[in-house]
Amino acid sequence: MKMSMRIDGRKYWIPVPLVCLLCFGLISQALSQPGNAQVRQRGTGTQASTDGGKLPQIMVRLHDARANHSYVGTRQVTTGSGQNLRSYLERLTVSGAMVRTEFPGEGPFAGFIVIDTPKERLTYNPSQKEIRRSEPLPVEAMIGFLSFSRGQRGTIRTAPGGKVAGFQTTLFELVDPRGTVSQRAWVDLTQLVVLKREVLGPRGQKVMAFEFLQIDHGVEISERAFRLEIPGARFVTPREELLMLSRRTGLPAYGLPENSGFRLNFVRTIGRGDQLVVRQFYSGEAKVSLIVSRREIPARNLRDLADGRVKVYSWKIDGVSLALIGDLPEEELKLLAGRVQIWQPRRT
């Protein structure tokens, strides 16, 4: 099924975080594919256990090194596969935890600007003159390194990675106990920067990837680079966007209550006719996606495609299908499902 995203009645291919695109890829494939297959791969180099999801030393080093990063670079991002393959360029300006992403050229994201700070993420949509404010990304998503689900077990396999953007790299592969490679990262260990990354689906296909084409380290960057000062642009919160989509699609504005500890990060529609709306919530390192649809949500297909990386809990309310997908145990998802409620506009 071709994945499309609509906002306020218009169709876009939106530059959402790579960590979020994994959930979209699983959802899109599950709605169209009946089965699941495993691809086992072999490699050379050293191995280290993830110890049930505990961050390995290399990831700790990458996390800590971000405070000293200062660079400007261009990378190519690819999502989807086959006829749904999408590729575009990102121009990154990075100073510590502050990141500005611009989209050069004439691609589907031309003119978009994304500012990431420890406090928030701002996304400027030029066609609608709107700035969407959402929760900040987890550091693991920002550095683009191997990400782990709670309790995930496996090994990290290393090997020489060759040159990327002119810099020598080391290849890291995340391998589950069955020998299946789910992620790859090419890391410049001198600068402690991920220069290339691939996330693989359960069939071994690339779900998403990025690769730096050029990167300049140690450049001086002004604080003004991380401001969005666009005359005439209005701010839109995720809550406002959810209510707008609910009015347009006729689907209830289901969400998790604020006292659940989870905060709404973004909302998107998937599929033709806005048949399915996805909301993503964050609570610390945990993240869950709530799917609401008029048609049956094939939870079994979602579980098969997720291949143990995330859990799925599905149910119905008044004929509307819902599903929670996340890196939480299924019992916790079930408890969260019992707290889902219809959001109402805030009184002014």
Side-chain angles (χ1 to χ4, degrees), residues 3 16-30 33 35-60 62-63 77-82 84-85 137-159 161 164 169-187 194-211 280 285-289 300-312 325-330:
M3 182 178 73
V16 295
L18 289 179
V19 68
C20 305
L21 281 171
L22 176 57
C23 287
F24 284 134
L26 290 173
I27 293 165
S28 298
Q29 292 177 62
Q33 296 180 3
N36 178 29
Q38 296 297 326
V39 175
R40 302 180 185 274
Q41 305 183 36
R42 297 173 179 267
T44 58
T46 61
Q47 298 189 13
S49 172
T50 65
D51 192 21
K54 182 179 178 181
L55 294 182
Q57 186 61 35
I58 179 58
M59 197 164 177
V60 175
L62 285 167
H63 181 287
V77 180
T78 305
T79 64
S81 60
N84 293 334
L85 187 66
L137 288 182
V139 173
E140 290 75 13
M142 293 294 294
I143 64 179
F145 195 56
L146 308 178
S147 56
F148 299 86
S149 299
R150 280 182 161 185
Q152 182 177 358
R153 295 188 177 277
T155 58
I156 291 182
R157 190 165 59 198
T158 65
V164 178
T169 67
T170 298
L171 170 62
F172 292 81
E173 294 182 316
L174 179 57
V175 188
D176 69 20
R178 293 170 292 180
T180 303
V181 177
S182 61
Q183 301 176 56
R184 295 190 181 104
W186 286 256
V187 182
V194 180
L195 295 179
K196 181 178 177 181
R197 186 190 181 204
E198 295 177 351
V199 177
L200 307 180
R203 299 175 185 272
Q205 77 280 17
K206 278 192 282 188
V207 176
M208 68 195 73
F210 71 73
E211 179 176 356
Q280 187 167 82
E285 295 181 358
K287 55 185 179 293
V288 296
S289 293
R300 180 176 178 181
N301 286 7
L302 285 169
R303 290 189 187 97
D304 289 344
L305 269 152
D307 193 28
R309 284 171 281 173
V310 294
K311 301 297 183 183
V312 181
I325 303 175
D327 52 359
L328 300 173
E330 193 166 345

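This one's a predicted model, so the numbers in the text were calculated from it and none came from an experiment. Residue indices begin at 1 and follow the sequence shown.
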V181/V175 under side-chain contact (heavy atoms from CB on, under 4.5 Å): CA gap, chis, key distance, verdict: CA-CA 4 Å; V181 177; V175 188; 4.1 Å; yes
Gap separating the CD atom of Q280 from the CD1 atom of I325, nearest 0.5 angstrom: 10.0 Å
Atom of E211, atom of V164 and distance for their closest heavy-atom approach: CG-CG1, 3.9 Å
Student check: side-chain heavy atoms of K311 and L328 closer than 4.5 Å: no
Between I156 and L174, is there a side-chain heavy-atom distance shorter than 4.5 Å? yes
Exercise: identify the closest heavy-atom pair between F172 and I58: CZ-CG1, 3.8 Å
Less than 4.0 Å between a side-chain N and a carboxylate O, is that true for E198 and K206? yes
Heavy-atom closest pair (A185 atom, V194 atom, distance to 0.1 Å) is CB-CG1, 4.2 Å
Do you know which two heavy atoms are closest between R184 and L200, and how far apart they sit? NH1-CD1, 3.6 Å
